[in-house]
Engineer: 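Sending over a structure as structure tokens; questions will come in a sec.
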Amino acid sequence: MEKRFDTTLLEEMLSASMRPLLIGHFNPDGDSVGSLAGMYHYLRERGMTPSAVLPSPYPDYLAFLIGEDTPVTIHSHEDNSARELISSADLLICFDFNRLSRTEQLEEDILASKVPKVLIDHHPFPEVEYFDLVYSEIEVSSSCELLFWVLMSMSDVEGDVSSLGLKCAESLYVGMMTDTNNFYNSVSASTFEMASLLTDAGVDKTRLQECVYNNYSVDRMRLMGHLLKDCLYVIEDCGVAYLLLSDADKRLYNFAIGDSEGFVNLPLSIKGIRISALFSELDKGQDKYIRVSLRSKGDLDVNRFASLYCNGGGHLNAAGGRLYMPFEKVGPYIEKSFREFLKIG
Ligand code: 5GP
Ligand code: MN
């Protein structure tokens, strides 16, 4: 149950660092933001002054984790601050991605940096060659769970959860909770042990659930209703169901970043459906593409589907990617791809 890690090198790297920088992935989710914020607060508790960058904005429902006391620099085309932080840092710690390309425009800056680099991640086949120290476990629920057990192994913590500080504890709990879809996927005994240790140490799980899951707009609820009624397609003989979320519908329902969180899971509750997908049209001038989210049950490998058909990757049962085609072509393309992938029809 309890996991132990060798933290000797990590502790040496942290002691030698004056300007550590924490880095999450593009389209940051709860796990990436939670691990970044968790590490941020852990280091602050120890008198260090870390910085943190994200390659793109985080969703509203995570804003409560990143208050004034957790400054995070968000990269944009107009602002070079995130890139400058990378070039001036003396230690880089990356969270919740296996490929540097998941940092999009920051990839080149990370590659150009010659300082020690640490990766804490739970995706298959991480690019270990770019890092000096890698904590990688694909069996673990989330990067937040992995970071939790790494921190518990640190010599200044030695299994004492209260020494993490409440903000660190809450951040790690949120990342684990969101990546497991509120304890639905990928949980093991160590995940429940983590939850138990964190709640014992004062984490208010009900408050965190309220902040994340019961804080959406009316528009988002109506958009969900519209999608389920008018934009849900079922390929019965493949056990596949998918949702098409157009840019026009997003505008109609005042879509905000993070509003589609959870939508992809909804079709999985249909009897006989074992793979679900959400295709979300992004129409921002040059950045025009269709964002893909995939979920599956059992041994159906959507990571493989994402890399074969959707320019992406992820985990066995949760993956994502991008399509570059007119939105109206997505339906036919995806039906054909699933038939080929599942060798049906
Ligand atoms: P989500 O559907 O929640 O956006 O993403 C599910 C998982 O798929 C993420 O945890 C991440 O591992 C992976 N993922 C999402 N988008 C991409 C992408 O564009 N490329 C790759 N390689 N993986 C992605
Ligand atoms: Mn994750």
Engineer: Taking only Lys NZ, Arg NE, NH1 and NH2, and the carboxylate oxygens of Asp or Glu, determine whether Asp132 and Lys117 approach each other closer than 4.0 Å.
Structural biologist: no
Engineer: What do you reckon, are the aromatic ring centroids of Phe338 and Phe305 less than 6.0 Å apart?
Structural biologist: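 That pair passes the under 6.0 Å test.
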Engineer: Would you say the side-chain atoms of Ser188 and Glu139 include a donor-acceptor pair closer than 3.5 Å?
Structural biologist: no
Engineer: Side chains of Thr103 and Ile110: does their closest heavy-atom pair fall under 4.5 Å?
Structural biologist: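 Side chain of Thr103 against side chain of Ile110, heavy atoms only: contact under 4.5 Å found.
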Engineer: Do you see a donor-acceptor pair shorter than 3.5 Å between the side chains of Ser296 and Asn317?
Structural biologist: yes
Engineer: Under a 3.5 Å cutoff, is there a donor and acceptor pairing between the side chains of Asn98 and Asp121?
Structural biologist: no
Engineer: Give the ring-plane orientation class for Phe183 versus Phe192, where under 30° counts as parallel, over 60° as perpendicular and anything between as tilted.
Structural biologist: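 Parallel, since the angle between the ring planes stays under 30°.
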Engineer: Quick check on Gln105: does its CD atom have over 12 non-hydrogen neighbours (other residues, nucleotides or ligands) under 6.0 Å away?
Structural biologist: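 Yes, enclosed.
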Engineer: For the pair Asn303 (side chain) and Gly314 (backbone), establish whether a donor and an acceptor sit closer than 3.5 Å, ignoring hydrogens and angles.
Structural biologist: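 Yes, the answer is positive, given that a donor and an acceptor are paired below the 3.5 Å cut-off.
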Engineer: Stepwise, does the side chain to side chain contact (heavy atoms under 4.5 Å, CB included) test hold for Asn27 with Arg291?
Structural biologist: CA-CA 10 Å; Asn27 279 334; Arg291 189 166 165 211; 3.3 Å; yes
Engineer: Restricting to non-hydrogen atoms, name the atom on Ile334 and the atom on Cys310 that form the minimum distance, rounded to 0.1 Å.
Structural biologist: CD1-SG, 4.4 Å
Engineer: Check Glu170 with Arg207, please: is the shortest side-chain N to carboxylate O separation under 4.0 Å?
Structural biologist: yes
Engineer: Looking only at side-chain N and O atoms, does Asp31 offer a donor or acceptor that is under 3.5 Å from a partner on His122?
Structural biologist: yes
Engineer: Could you walk me through whether Ile93 and Leu14 pass side chain to side chain contact (heavy atoms under 4.5 Å, CB included), step by step?
Structural biologist: CA-CA 10 Å; Ile93 311 181; Leu14 288 172; 4.1 Å; yes
Engineer: Using a strict 4.0 Å threshold on nitrogen-to-oxygen distance, state whether Glu104 and Arg322 make a salt bridge.
Structural biologist: yes
Engineer: Nearest heavy-atom pair of Tyr333 and Tyr309: which atoms, and what distance?
Structural biologist: OH-O, 2.7 Å
Engineer: Are the side chains of Val292 and Leu294 in touch, meaning some heavy atoms are under 4.5 Å apart?
Structural biologist: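 Heavy-atom side-chain distance check passes, below 4.5 Å.
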Engineer: Can you tell me if Asp79 and Ser81 form a side-chain donor-acceptor pair at under 3.5 Å?
Structural biologist: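 Their side chains do contain a donor-acceptor pair, which is all the 3.5 Å distance test asks for.
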Engineer: Looking only at side chains, do Asn214 and Glu210 share a donor and an acceptor under 3.5 Å apart?
Structural biologist: yes
Engineer: Charged N to carboxylate O below 4.0 Å: is that the case for Lys3 and Glu137?
Structural biologist: yes
Engineer: If we ignore hydrogens and angles and just use 3.5 Å, is the side chain of Thr178 paired with the main-chain N or O of Gly175 as donor and acceptor?
Structural biologist: yes
Engineer: Assess whether side chain to side chain donor-acceptor pair (under 3.5 Å) is satisfied between Glu2 and Ser190, documenting all intermediate values.
Structural biologist: CA-CA 6 Å; Glu2 179 183 316; Ser190 64; over 6 Å; no
Engineer: Are the side chain of Asn80 and the backbone of Arg83 linked by a donor-acceptor contact shorter than 3.5 Å?
Structural biologist: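 It does not hold such a pair.
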Engineer: Taking C-beta and beyond as the side chain, do Phe64 and Val174 meet within less than 4.5 Å on heavy atoms?
Structural biologist: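 Side chain of Phe64 against side chain of Val174, heavy atoms only: contact under 4.5 Å found.
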Engineer: Would you indicate whether Asn185, at its atom CG, is surrounded by more than 12 heavy atoms from other residues, nucleotides or ligands within a distance under 6.0 Å?
Structural biologist: yes
Engineer: Below 4.5 Å, heavy atoms only, C-beta onward: do Tyr233 and Val240 meet side chain to side chain?
Structural biologist: no
Engineer: Are Ser101 and Phe26 close enough that some pair of their side-chain heavy atoms sits under 4.5 Å apart?
Structural biologist: no
Engineer: Looking only at atom types and distance, does a side-chain atom of Glu127 sit under 3.5 Å from a main-chain N or O of Leu100, one as donor and one as acceptor?
Structural biologist: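 Yes; at least one donor-acceptor contact below 3.5 Å.
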Engineer: What I want to check is whether the side chains of Asp6 and Tyr135 have a donor and an acceptor closer together than 3.5 Å.
Structural biologist: no
Engineer: Using the six-membered ring wherever Trp is involved, compare the ring planes of His226 and Tyr253 and label them parallel, tilted or perpendicular (cut-offs 30° and 60°).
Structural biologist: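 Parallel, since the angle between the ring planes stays under 30°.
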Engineer: Please assess His41 against Asp69 for the test side chain to side chain donor-acceptor pair (under 3.5 Å), listing each intermediate value before the final yes or no.
Structural biologist: CA-CA 9 Å; His41 291 298; Asp69 56 347; 4.9 Å; no
Engineer: Kindly say whether Met13 contributes a backbone atom to a donor-acceptor pair with the side chain of Ser17 at under 3.5 angstrom?
Structural biologist: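 It does not hold such a pair.
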Engineer: After noting the C-alpha distance and the side-chain angles of Phe279 and Phe327, does the key distance pass the ring-ring contact (aromatic ring centres under 6.0 Å, His included) rule?
Structural biologist: CA-CA 9 Å; Phe279 300 93; Phe327 194 57; 8.2 Å; no
Engineer: Tell me if the CD atom of Glu129 is crowded by more than 12 foreign heavy atoms within 6.0 Å.
Structural biologist: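 Result for CD/Glu129: enclosed.
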Engineer: Is any side-chain heavy atom of Leu245 less than 4.5 Å from a side-chain heavy atom of Phe255?
Structural biologist: yes
Engineer: Heavy-atom distance under 4.5 Å between the side chains of Leu278 and Tyr242, does that happen here?
Structural biologist: no
Engineer: Would you say NZ of Lys297 has more than 12 non-hydrogen atoms from neighbouring residues, nucleotides or ligands within 6.0 angstrom?
Structural biologist: yes
Engineer: Identify whether Met39 and Leu36 are in the same connected component of the hydrophobic contact network (ILVMFWY, side-chain heavy atoms under 4.5 Å).
Structural biologist: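 Yes, it is one cluster - the side chains of Met39 and Leu36 are joined through contacts under 4.5 Å.
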Engineer: Are Asp237 and Arg339 packed together at the side-chain level, in the sense that at least one heavy-atom pair is separated by less than 4.5 angstrom?
Structural biologist: yes
Engineer: The test is side chain to side chain donor-acceptor pair (under 3.5 Å); show your working for Glu145 and Thr191 and say whether it passes.
Structural biologist: CA-CA 7 Å; Glu145 184 184 334; Thr191 321; 2.9 Å; yes
Engineer: Hey, are Arg102 and Asp96 close enough for a salt bridge, meaning a charged N less than 4.0 Å from a carboxylate O?
Structural biologist: no
Engineer: Could you check Lys250 against Ser280 for side chain to side chain donor-acceptor pair (under 3.5 Å), going step by step and ending with a plain yes or no?
Structural biologist: CA-CA 9 Å; Lys250 284 184 182 174; Ser280 178; 2.9 Å; yes
Engineer: Rounded to the nearest 0.5 Å, what's the gap from CG on Leu172 to OH on Tyr42? Could you check?
Structural biologist: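 The distance works out to 11.5 Å.
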Engineer: Can any side-chain N or O of Glu281 pair as donor or acceptor with the backbone N or O of Asp247 at less than 3.5 Å?
Structural biologist: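 Confirmed, Glu281 side chain pairs with Asp247 backbone.
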